[in-house]
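Within every chain, numbering begins at 1; the chains are lettered A, B, ... in the order of the sequence lines, protein sequences first and strands thereafter. From a predicted model like this one, the values you see are computed outputs, not experimental measurements.
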Amino acid sequence: MSSNKLGLDPALVHRARALAAKAGRPVVDMARSHTTVSVERAVLRLSGVTGADPDGIPWVNRLVDAVRNDVGLGHGVALPVFHALAEHGLEPTGAELTLLAQKAAAGSVRFDLPTGKAVTAAKKASRRQVAAGIKLIDRNRADRDKMIKRYGDPKQRPWIYLIVATGDIYEDIPQAQAAARAGADVIAVIRSTGQSLLDYVPEGATREGFAGTYATQENFRLMRAALDESSRELGRYVRLTNYASGLCMPEIATLAGLQRLDMMLNDSMYGILFRDINPIRTFVDQRFSRQIHARAGIIINTGEDNYLTTADAVEAAHTVTVSQLLNEYFAHEAGLADWQLGLGHAFEINPELPESFRLELAHALLARELFPDAPLKWMPPTKHMTGDVFRGNLLDGFFNLVGALTGQGILLVGMMTEAVVTPWLSDRDIALQNVRYVLGAAGNLHEDFVPAPDGFIQRRAHQVLDEAIDLLEKIEDDTLLNAIADGTFGIMKRPAHRGKGLDGVAKHDDGYYNPATEILETPGKEQQ
Amino acid sequence: MSSNKLGLDPALVHRARALAAKAGRPVVDMARSHTTVSVERAVLRLSGVTGADPDGIPWVNRLVDAVRNDVGLGHGVALPVFHALAEHGLEPTGAELTLLAQKAAAGSVRFDLPTGKAVTAAKKASRRQVAAGIKLIDRNRADRDKMIKRYGDPKQRPWIYLIVATGDIYEDIPQAQAAARAGADVIAVIRSTGQSLLDYVPEGATREGFAGTYATQENFRLMRAALDESSRELGRYVRLTNYASGLCMPEIATLAGLQRLDMMLNDSMYGILFRDINPIRTFVDQRFSRQIHARAGIIINTGEDNYLTTADAVEAAHTVTVSQLLNEYFAHEAGLADWQLGLGHAFEINPELPESFRLELAHALLARELFPDAPLKWMPPTKHMTGDVFRGNLLDGFFNLVGALTGQGILLVGMMTEAVVTPWLSDRDIALQNVRYVLGAAGNLHEDFVPAPDGFIQRRAHQVLDEAIDLLEKIEDDTLLNAIADGTFGIMKRPAHRGKGLDGVAKHDDGYYNPATEILETPGKEQQ
Amino acid sequence: MKTVIRPYGDTTGDGMTQVSFTLPLPHDKKAEGAALQLAAKMGLEPAMLVHAKQMGDGFTFFVIYGSVRHLVELDKVVVVERDFPLLTAKEVNTVVKQKLRRKLSVVGACIGTDAHTVGIDAILNLKGIAGEKGLEYYRELKVVNLGAQITVPELVAAAKAEKADAVLVSQVVTQRDAHLHNTREMSAAFREALPADKRPLLIVGGPRFDELMTDELGVDRIFGRGTTPREVASYLVHALITNKAERKKAVAA
Amino acid sequence: MKTVIRPYGDTTGDGMTQVSFTLPLPHDKKAEGAALQLAAKMGLEPAMLVHAKQMGDGFTFFVIYGSVRHLVELDKVVVVERDFPLLTAKEVNTVVKQKLRRKLSVVGACIGTDAHTVGIDAILNLKGIAGEKGLEYYRELKVVNLGAQITVPELVAAAKAEKADAVLVSQVVTQRDAHLHNTREMSAAFREALPADKRPLLIVGGPRFDELMTDELGVDRIFGRGTTPREVASYLVHALITNKAERKKAVAA
Ligand code: B12
Ligand code: B12
Ligand SMILES: Cc1ncc(COP(=O)(O)O)c(C=O)c1O
Ligand SMILES: Cc1ncc(COP(=O)(O)O)c(C=O)c1O
């Protein structure tokens, strides 16, 4: 749907985009000149390092820590690791790299920076090895394309997106399959509450998350396999989503690529604002993770909806727009195409407010018309949901209707028990029935929805866009990092030098080398 | 709201109306040349006859039966009764008329038709006495106007209409008051299941109805007094509704006028179709009852919604339109003004049907635009409601939305427990919350609702109007009574000479006299 | 299959259940405590009171979630399972023709003040329901549908006049147990009017009946929500023809 | 007021109640029977099964209405009633200033992996909630809000450093009883780290706590859904100043 129901001024829209680029540019520059422990671990994962020590700490962590101890991170881990590999007469394979990690952990390897010819050798070896990893990602992308061709995409827009959150992958799987059978097009496995602050990715199949299941490579694999089964059964490719955000964004993004996940929550600021992760760490991690997603053909979902759980959805509507523009800029810069941009927004206006539904329509349509080629992720009411589940199901219905009227791409299905529990099996069924009713009965009502010229909806949308431009001007003036420090987004104040994970950031030294970035930034050659 | 969103052809609309008048005319002629036991009892009620015998049979019944026994009904009861009154030296007052009834029941009075001067005397006496009754109705109307002036009408359209149905007037009253406090503008007290087939109106305050409370003069009085209290408390005149339909339509209409009820369910065909009451009986009763309502300033509610519980709401949509046009014709003929025509229609399309919501919009908007000055009574889903109360509340929300989008006048509030029980206190509260949300959040959305030119909604509305005109042509050809006999409405086949209550009908003899009809048909003099 | 199960929220055995009700109390802490007490008595443990809303002066509506401690014992579940074969219309007609050798006479009605005919019409009328034709469609059945608001004496008279093999009664209104009263009145009237061996098979149906109550109500069979004509026709053939011997025995006893 | 009441549908004493749950069974008569068995165990009698829907292969969702036979005994309702006077901000400040003669030190946090800060922020931050300012607004209170995902050792350390009179902990995530585990861990850590008379007042809050569980959780007070800052401030003054004598006694015992 690419309409012009709001009569937006193209010059204004262009100006908003240009301002976002200006405001974002310094952050990109910062991201390009820094690395993090997780970026480096992602490089090792791409090189084939797998598994964890007996305490559950992945070998990639042990190896990066060892390298860092010996030579710091400023040159990246690729050079010292592949140099050491050669020095110890090991082959450049995943298995032998893992062996190296084990040795390093045991203290039997010391790392040095190679010099001279050894540099070229290490570069070449590491690039070859990482390229093999990226090839797996490419193959997954091709496989996905094939499966979509075979099984087909959902018949309708928006795609129906459902959450599974038992904490136990073996309870998640049947629930996800049941949800798919009941009509879900996308299944998201919510993560355990603690995971995003873990500076490592847990290993193996897990059964003990709190309000979500750990994101692990094995859990990804199990769930994707289960949904492949469902796709076959249903004749419709069922997509799988997980969460990249957190201290391990680059690695989880990589694992998602390696296990053919289809969408990932990946926001440029969510970790900063809602997990108190250091802003610099986040921006650096984010850029790498998005480059991976771009390559993997994964659709990202951004997190603007979250702002409206802490800030007021009317007062802060323009901050959502600003953030969407920033997320778009960062995404394009990282190589993501428009179809990969599941920009977030939400139905979070206090339902008691007069005209709340029309305000929601105005906001949702603004997003739709600002980003005509992005799928847009439309999030259901959460903040104003209460234990009154009857009312809850009603609000979700009107949320679904806004989704249909404004052509949203991805509809995150709201649950009537939002304020009570993580979704029960029956909640999901009731919620899907709600979506089916609204899309079936009123899915084409957008044809008859014409915001009155200069009426309430148009005026509100114009006002939000104006406020967004004002704010972008301020941000451009004062820097994005300061804006974040001031509580611009979600009323969360996050100074640039506070927050978790800053110690995992390193500035590039001269001669920093990252074979993954190199490959990802010069596409074409390895890509098929 | 008087818009032209459907682009209806005024010539076609005019033609539809003309056809309805032609089809209705023979029925009106029939009604004008017949009377019924209930019409005559209504005359006596207007004259002030009250109370019942020890078995609960009202004195009006005993008196009419006695007259009928002696001289038949063909001349009406006014002449023989007032003649007998004079003969027995009784005064023309309600009390003495009641006394006469008691005597007649005891067999100590015989009735004759007066002749010569006695005719003039009886006419005069009866007319004076009935005029006093009608004066009470006029006074109630004036009181209502005053109270509306003082307390005000509901702030919003549609008016919110809620049902109370405990079977016990003393449980009904607090529930009605609670409903009013929670936002109801109109309270309807549903009747006990058996009442409409009783050929008498029960007396006194009652506590033992099934799925509804008996309509009695005393129950009317008690509830109206309670709602007057609520009106004072709330600063908003709360209207009261009951049901005229049934074998006692003329009398109940009269009692409603005497107790200042504000709206009455009064359909030209409901009793025929859904209570198997004889068609002739119904049409005669209906005309008289409507003349009373016209005089009393009571808004009538017609019953087209019911057709869609037995017939399919899409297939039979045009039968609703035809019936509305007929109801309008009969109403105008009986003296009702447009603002008194709460023509019925309903949200009864199978919600599984694709585009069901847009079809509902098309139908509701057609009614709106055909009858721009009538308030229209918009009825909630019932047939496709199930025990899934969560889904039920959602459907009711979308029903409310159609009401708001199409400018309905009276919104009968749907209950999530429709398929389960007569409404509980909490059901009503949840339902009102639903209405409040929809009207508050999306009440003005009609400004942005513009059916696409020649789009789905317009085409559907035009199609229904065309089908209605076709059907009216057939009816005009074949007579309305035959159409009813053939199952045209609600798939119920009701031949003209079958059904209950036919024995209570009498053709006017020469010299038939009905002081009430006389007064009601020559307004101006008695009316203030 | 396990014989003991519990409700399922999102984990096997979690017992999760939702409850709502109104208490005649204004909303305060005490009222919430009262609601939780009731939840505990219902077996919710722990119970979360997630919503409370006062309505008018003296009532509060509550929504409660929690884990119910009761176990569902599958081996003790009592239900009326279909104990007769489901036949096609053709089979029904054949059995009637070959074994009864006359038309099977059925009289149907909606009795008392109940005027909900859609249910009985769905069973009897040609049109049927859910894609199945009603009993009128069955060549070997003679169906008289009396319609709504039929009194019990009218029904008994019609059953006699039609020499009904079976009487089918619908009851939809349940407020104040209207359906139970009317059914009892009806079965008592047939017991009084006719000797046991002349009495037609008595069948009632409606969406809110408990199918286990046949004895209490004095009827032969109860059909509930979602009944289809074919089930009824199959039952008629079973009860009146195929299984007649048993029935005779039972009546004699 | 009566001391025994029942739920109210539309008539006093009717006991009407609505229940829904899922059973791990495919939908058939037996499953409906199982659902009705559970309803009966919960005390619904008679129970009407009004909705059943199979979900996936092996689960069915049920909605049941019916009259619950349990009585609510109002005299046996146990609740945590507010047992302290509700003060204005001014009054709180005055008491602290006059009786404590120093600022009252409060440390707040959301512990464990829980990152829901809106609730604790509503209590502590200037902005407050429901038109009431948070504790930061109280001149005589010194508030340190540690924010989200604070570990218990971090919290204990901060409480010591700030010489906290009271520690306020929020827990919103309840899946697998996370809130209960975290609270127990927290109170145990304080018991271990500090002698009884040095230990700050321990308060937890969150929408799903049972306010009666203080003893089980080892805390002084629990605040639930819809708590306002003023209630908390009033309680602090009551527990730490006005009622200190009693508290001392209790601790000694
Ligand atoms: C349609 C309808 C009407 C129509 C009836 C038209 C008609 N000719 O039948 C009209 C509009 C006239 C009407 C009026 C009223 N109705 Co009404 N109506 C309904 C409605 C919406 C649908 C019922 C229906 O048709 N179901 C579809 C049929 C196919 O299903 P069914 O009846 O369950 O039948 C199936 C089975 O039960 C079984 N079955 C049924 N009978 C029999 C008999 C036999 C022998 C067998 C074998 C099987 C069998 O087989 C059928 C097919 O599967 C329901 C609400 C709802 N959604 O259920 C309210 C409902 C039944 N009505 C109700 C009420 C109260 C009334 C009124 C009394 C209201 C009033 N006071 O004005 C009036 C008066 C009616 C009266 N005197 O009885 C209440 C009953 C409450 C209760 N539990 O006691 C309901 C539940 C609505 C409500 N919540 O208030 N109603
Ligand atoms: C806002 C919100 C978020 C925001 C939080 C932002 C922030 N900075 O706080 C974001 C989007 C980040 C978020 C994320 C998640 N959330 Co969340 N979230 C909510 C939501 C919508 C509202 C909570 C809220 O703010 N309520 C408003 C405040 C004012 O109310 P309150 O917390 O009850 O506080 C009041 C009282 O309880 C009391 N109180 C509370 N604490 C304290 C402390 C003291 C000392 C005192 C005296 C009083 C007190 O006073 C307060 C004022 O009256 C709820 C759903 C809902 N509608 O309730 C889900 C909800 C709480 N979230 C939930 C979940 C599962 C998550 C996630 C784990 C999902 C995931 N896996 O990704 C994540 C991760 C969060 C984590 N690690 O903890 C679940 C919890 C389920 C459960 N019962 O276990 C809920 C119920 C949603 C659901 N149904 O799934 N969430
Ligand atoms: C963009 C984004 N990332 C991540 C998350 C979840 O993060 P966590 O796993 O830290 O709770 C969310 C939550 O909804 C989100 O919106
Ligand atoms: C026009 C009309 N009259 C009367 C009734 C109620 O009639 P009864 O009291 O006969 O059930 C209805 C039912 O909804 C109706 O629509």
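- For the pair A:Y170 and A:L222, the minimum side-chain heavy-atom distance is below 4.5 Å.
- Interface remark: of the candidates A:A211, A:A178, A:G194, A:A211 forms the most heavy-atom pairs closer than 4.5 Å to chain D.
- Heavy atoms closer than 4.5 Å to chain A are found in both the backbone and the side chain of D:D57.
- Interface remark: of the candidates A:Q433, A:M492, A:E208, A:Q195, A:E208 forms the most heavy-atom pairs closer than 4.5 Å to chain D.
- In this structure the side chain of D:L23 never reaches within 4.5 angstrom of the side chain of D:T60, judged on heavy atoms.
- Residue contact with chain A, scored on non-hydrogen atoms closer than 4.5 Å, involves the backbone of D:A148 exclusively.
- The aromatic rings of A:Y307 and A:F274 lie parallel to each other, their planes meeting at an angle below 30°, with 60° marking the opposite boundary.
- Only the side chain of A:L197 comes within less than 4.5 Å of a heavy atom in chain D; its backbone stays farther off.
- Of the atoms belonging to A:K383, not a single heavy atom falls under 4.5 Å from chain D.
- With a 4.5 Å cut-off on non-hydrogen atoms, A:D427 does not touch chain D at all.
- Per-residue counts of heavy-atom pairs under 4.5 Å with chain D were compared for A:T166, A:T309, A:I491, A:I430; the largest is that of A:T166.
- Counting heavy atoms from C-beta on, the side chains of A:R281 and A:L502 never come closer than 4.5 Å.
- Side-chain contact of A:N219 with A:T206: a donor-acceptor pair under 3.5 Å is present, judged by distance alone.
- With a threshold of 4.5 angstrom between heavy atoms, A:T422 approaches chain D through side-chain atoms but not through N, CA, C or O.
- Only the backbone of A:A165 comes within contact range of chain D, judged by heavy atoms closer than 4.5 Å.
- Under the 4.5 Å side-chain criterion, counting only non-hydrogen atoms from C-beta, A:R191 is in contact with A:N242.
- Only the side chain of D:T117 has a heavy atom closer than 4.5 Å to any heavy atom of chain A.
- Using bins of under 30°, 30° to 60° and over 60° for the plane-to-plane angle, the ring pair D:H51/D:F61 lands in the perpendicular bin.
- Using modelled atom types, one finds no donor on one side chain facing an acceptor on the other under 3.5 Å when comparing A:D285 with A:S38.
- Looking at D:R176, the atoms closer than 4.5 Å to chain A (heavy atoms on both sides) sit in the backbone and in the side chain alike.
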